[in-house]
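Chain letters run A, B, ... following the sequence lines, proteins first and then strands; every chain starts at 1.
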Amino acid sequence: MNCCLCDQQLRFVPSWRGIFLYEVPEIACRACKNEFAKISLTGCKFCSKEGGLICEDCRYWEEHGYCEVIESGKSLYGYNEAMKDWFHQYKFLKDVLLAQVFAKELREALAHERAMVVPIPLNKEKLHERSFSQVDQLLLSADIPFQHLLEKCGETLGTKNRQERMATQQLFRLNGEAVPKQLLLVDDLYTTGTTMRQAAKTLKEAGAVSIRTLTLIRA
Amino acid sequence: MQAIEAFLRGRIWIKQFVPFPEEQIQEVIDKGDATIVSGISANGECARCLENSKEYVIPFECATCGKVCRYCRKCIRMGRISSCTQLVLWRAPSIPHARPRDFGWQGHLTPQQENASKAISESIRKNEHHLLYAVCGAGKTEILFLPIHEALQNGLRICVAAPRTDVILELSPRFQQAFPDAAIHTLYGNSPEQTDYGEIVLATTHQLYRFQEAFDLLFVDEADAFPYSLDQSLERAVKKAVKPFAPIVYISATPSKTLQKQIITHSKIFRRYHGAPLPVPTYQALWNYERHIRKGKIPAALKNWIENRLKRKQPFLLFFPTIELINQAAPLLKEIEQTIEAVHSEDAERKEKVMQLRAGKLAGLATSTILERGITIPHLQVAVIGSCHRVFDRAALIQIAGRVGRSGKDPTGEIVFFHNGITGQMDAARADILFYNKEGES
Ligand SMILES: [Zn+2]
Ligand SMILES: [Zn+2]
Ligand SMILES: [Zn+2]
Ligand SMILES: [Zn+2]
């Protein structure tokens, strides 16, 4: 088998752990994997952005009516060149298989999660067009059970600036499933936090008590 | 020809991306002029690139069709194709339409070039495949002009395919000049989209995936690796792009034995257009060169060679087996001479640096891959560092040696294989060059 990113032949190094426990198979070579920048645990408590305890984006939300809708959050990777390439090939070229590249890391981050794992959804038309939901697929590849609680309302972000986005009404509505107290919201890319804050607020108003977030990438 | 026919004829295209209104596409389908095929066949083969291995044709839960679909990773950069993707294919046959066509080429051919040119035209008339076995610097493109002009006048649709983009880009202006009234398309990754009918298509081999039974005549340039042992999908792409029984002309300086056996009609040119023999490689030991360079030292024998070139003001190329080694050597080379630059295949300034070398603004270039084929740098000298490395096979070494002595003004030059042990590939390359020179004399 070849590396799914550079197409060089993969050399498997069986580990002792792999013999006794279930291990997610690696489909990218080590050289390619090393190109991605893992985020250390210091940084913003809501999104892992490097720097202070709360980043500028998150401070904005905390000060503008979204105070404490999210308890804490983290992101696993920075948005460097390698990640931009991966993201482009996964989301826009629709290379579904690439979800597996981060299966192991997502599994490590979520295997012992007690809260209900809730993916950020795509709207119906978008899902039909893209043929897969990139967040669901990441979780499926990592073999993490999840439950959808939200539906995306019509409009998507795109060209609007933050103020305009703020002014936009609700991004999400409930899909009718019961909302438990403890939730973990999962998304692929964290840019300004609009998506997460809106989703969390909708769920909080529906009875969720503690909402944490996990994103694969912090832009 | 209707605009939609001009676009669709010979192409195999994702329906969604056909640049015509939905109703118009439906109309030609209803009439039976065009047909729809599934992107991935029931037995798991991609209709565009013909990939069929499980490693590249991947099943997934498709939200578009609501079923388990398969998609092809091999040609995904041309827009993903899955089982539920509809591809449009033109079906109505065309009748070739002969008429006189302009010819803008005014050069003249050497007797050997002329013989090859005539032999190729003859093969085309007889609908036979042909192998043009010609050394680097034989003037291959000129040989093709007359046969292509004849084919064009006969109303044939022609394609010239080559593995690398720079070769295609270099052919493009020469073809525009030679065939001023022809619709010429130049296709490579990310090339601007053309929606009309290309009479002459210059394309990288990968771009052939976009065609099906399109061409009456196909030239495969740099067919050194044919039949492709590693990437069979490229070979399938060539076969798919031509009409059944259309002649294919393979062009190579180092054709494989298999190809030489497969193709019955050959023409050979072992002499360069200027008549001088090919420079023959010499060997020089460079023991443990990798370790020395890694430790920050250019081995003495190589340093000497470079200094001699600098003294004589001769431009030079240093070929390295890996990018890693170039990166390690680059600062060390700069210590010898500031104007030695390094380039690699993804370097955006690559072309610029080669032009600077030619203009005498750079003393030398360290490079990882075979540089632009068409560029002739007078007085060029070449060293291959680590010619024993497995990336330097016979064909690659012959190509590299072919950079030297291209100019008629100075057909000589040094080609040195710096090695850490002589390999069979080095010997084979040298033996071939000696053979060409001997054959070229007679
Ligand atoms: Zn890789
Ligand atoms: Zn933050
Ligand atoms: Zn394909
Ligand atoms: Zn489908």
Heavy-atom distance under 4.5 Å between the side chains of B/Glu55 and A/Asn2, does that happen here? yes

Do any of residues 211-219 of chain A have a heavy atom less than 4.5 Å from a heavy atom of chain B, and if so, which, in residue order? none

With B/Tyr289 via ring pair (Phe, Tyr, Trp, His ring centres under 6.0 Å) - residues at least two apart: none

Evaluate the side-chain proximity of B/Arg80 to A/Val96: yes if any heavy-atom separation is below 4.5 Å, no if none is. yes

Gap separating the OG atom of B/Ser53 from the CE atom of A/Met1, nearest 0.5 angstrom: 10.5 Å

Might you confirm whether atom CZ of B/Arg77 has over 12 heavy atoms from other residues, nucleotides or ligands at distances under 6.0 Å? no

Minimum side-chain heavy-atom gap B/Tyr56-A/Asp7 below 4.5 Å: yes

Against chain A, label B/Glu61 side chain, backbone, both or neither, depending on which of its atoms sit under 4.5 Å from a heavy atom there. backbone

Is there side-chain contact between A/Leu97 and B/Tyr71, with at least one heavy-atom pair below 4.5 Å? yes

What pairs of donor and acceptor atoms, side-chain ones from residues 186-194 of chain B against any protein atom, are under 3.5 angstrom apart with sequence neighbours left out?
residue: B/Thr186; atom: OG1; partner: B/Ser172; partner atom: OG; Å: 3.0
residue: B/Ser191; atom: OG; partner: B/Tyr188; partner atom: N; Å: 3.1
residue: B/Ser191; atom: OG; partner: B/Tyr188; partner atom: O; Å: 2.9

Within 6.0 angstrom of B/Gln26 CD, more than 12 heavy atoms from elsewhere: yes

Rounded distance [0.5 Å steps], CZ in B/Arg73 versus CG in A/Leu98: 5.5 Å

Turns out that what part of A/Gln89 lies under 4.5 Å from chain B's heavy atoms comes down to side chain

Can you name the closest pair of heavy atoms from A/Ser131 and B/Phe60 and give their distance? OG-CE1, 3.5 Å

Identify which part of B/Ile58 has an atom lying under 4.5 Å from any heavy atom of chain A, answering side chain, backbone, both or neither. side chain

side-chain hydrogen bond (donor to acceptor under 3.5 Å, both in side chains) for B/Thr64 and A/Arg130? Distances and angles first, verdict last. CA-CA 7 Å; B/Thr64 308; A/Arg130 188 165 292 149; over 6 Å; no

Taking every heavy-atom pair that is under 4.5 Å apart, which of A/Asp95, A/Leu127, A/Leu140 has the most such pairs with chain B? A/Asp95

Please list, chain by chain and in numerical order, all residues satisfying salt bridge (charged side-chain N to carboxylate O under 4.0 Å, His left out) with A/Asp188, sequence neighbours excluded. A/Lys91

Counting heavy atoms not belonging to A/Lys84, are there more than 12 under 6.0 Å from its NZ? yes

Check the surroundings of atom CD in B/Gln16: do more than 12 heavy atoms from other residues, nucleotides or ligands lie under 6.0 Å from it? no

